[in-house]
Amino acid sequence: KQEVTQIPAALSVPEGENLVLNCSFTDSAIYNLQWFRQDPGKGLTSLLLIQSSQREQTSGRLNASLDKSSGRSTLYIAASQPGDSATYLCAATDTGRRALTFGSGTRLQVQP
Amino acid sequence: EAGVAQSPRYKIIEKRQSVAFWCNPISGHATLYWYQQILGQGPKLLIQFQNNGVVDDSQLPKDRFSAERLKGVDSTLKIQPAKLEDSAVYLCASSLERREFDEQFFGPGTRLTVL
């Protein structure tokens, strides 16, 4: 059974800092890995999807990497802004039923 | 393109009452998912539909939870009777089809409080 862990659980940084969020998964046989953003009281917004054959994906100030052999993914946020404050969730799509297994998230606070 | 719609957005009930949630996926999306997100945790899959058939309901507490997908489009999730531990946000998601690189799109969720 796939298990996804995210470290740290919470993070507070001053505006402008570059930061890295970590995600690890126990079963390396995944189809893809997704990073989501969740604002309080809102649904999930997909940020990046990394296919199993890819090593990384980039969108604006966001860069996500995937290392299937070690069971790890990282989300890099460059030049953080107060608007980046949210909970970031990673989720792995397994090879069978194709549903997502989520981590518990990292709650990010960017101080102005 | 309209997103995934869910209603109601909020619901407060007392334990042992029943409640139902509704989801309308993105037009043309064959796969529909219901997730439960307890405060401070990531979403957990409850049930997955492919068109109007159930693909996976292994984590659905079938003694109190039920779900259906009418004509392969809209879906309802019901809890009867509700327990305190059912307090959570219920998220609906849809994807185009069961392809390897499918992306799931999520609705805003229904926040359930059981008193």
Side-chain angles (χ1 to χ4, degrees), chain A residues 1-10 21-26 29-54 57 59 64 66 68 73 86-107, chain B residues 2-10 21 23-26 29-50 53-60 88-113:
Chain A
K1 177 184 174 184
Q2 180 74 270
E3 293 183 5
V4 179
T5 303
Q6 290 188 246
I7 295 174
L21 307 181
N22 297 293
C23 172
S24 62
F25 46 95
T26 56
I30 61 172
Y31 266 162
N32 61 47
L33 187 133
Q34 283 186 253
W35 283 92
F36 293 88
R37 169 181 173 142
Q38 187 171 35
D39 293 282
K42 302 290 180 62
L44 276 66
T45 301
S46 180
L47 297 173
L48 291 165
L49 184 152
I50 311 175
Q51 300 169 1
S52 59
S53 58
Q54 296 177 321
Q57 279 282 2
S59 176
L66 174 64
K68 284 176 55 178
S73 177
T87 295
Y88 291 81
L89 295 154
C90 74
T93 305
D94 64 36
T95 58
R97 52 191 175 87
R98 311 294 176 89
L100 296 169
T101 301
F102 283 85
S104 296
T106 294
R107 190 170 63 255
Chain B
V4 177
Q6 291 188 246
S7 67
R9 292 295 313 277
Y10 306 91
F21 313 129
C23 173
N24 180 238
I26 294 173
H29 280 198
T31 308
L32 184 147
Y33 311 79
W34 282 102
Y35 291 87
Q36 179 193 56
Q37 185 176 23
I38 294 173
L39 186 65
Q41 300 180 17
K44 181 188 77 172
L45 178 72
L46 291 176
I47 189 167
Q48 177 181 347
F49 292 94
Q50 176 75 9
V54 175
V55 173
D56 184 357
D57 63 357
S58 59
Q59 299 187 83
L60 187 72
V89 176
Y90 291 84
L91 295 163
C92 179
S94 69
S95 62
L96 189 57
E97 62 182 74
R98 293 191 72 209
R99 293 180 297 126
E100 180 176 350
F101 305 126
D102 256 349
E103 182 176 359
Q104 293 186 27
F105 296 87
F106 283 78
T110 296
R111 182 178 297 276
L112 173 68
T113 302

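What's counted below: heavy atoms across the whole structure, side chains too, no hydrogens, waters or symmetry copies.
The aromatic rings of B:Phe106 and A:Phe102 sit perpendicular, their planes meeting at an angle over 60°, well past the 30° parallel limit.
Inter-residue side-chain proximity for A:Cys90 and A:Val4 is flagged as met; some heavy-atom pair is nearer than 4.5 Å. At a threshold of 4.5 Å between non-hydrogen side-chain atoms, the residues B:Val55 and B:Phe49 do not count as touching. Between B:Gln104 and B:Tyr35 there is a side-chain heavy-atom pair separated by less than 4.5 Å.
Proximity to chain B involves both the backbone and the side chain of A:Leu44, based on heavy atoms less than 4.5 angstrom apart. For a residue to count as touching a neighbouring chain, one of its non-hydrogen atoms must lie under 4.5 Å from one of that chain's; by this rule A:Gln6 does not touch chain B. Of the atoms belonging to B:Gln6, not a single heavy atom falls under 4.5 Å from chain A.
No option in A:Ile50, A:Leu66, A:Thr93 other than A:Leu66 meets the side-chain contact (heavy atoms from CB on, under 4.5 Å) test with A:Ile30.
Considering only heavy-atom pairs separated by less than 4.5 Å from chain A, the leading option among B:Pro108, B:Gly40, B:Gly109 is B:Pro108. Most heavy-atom pairs under 4.5 Å with chain B, from the set A:Lys42, A:Arg107, A:Gln34: that is A:Gln34.
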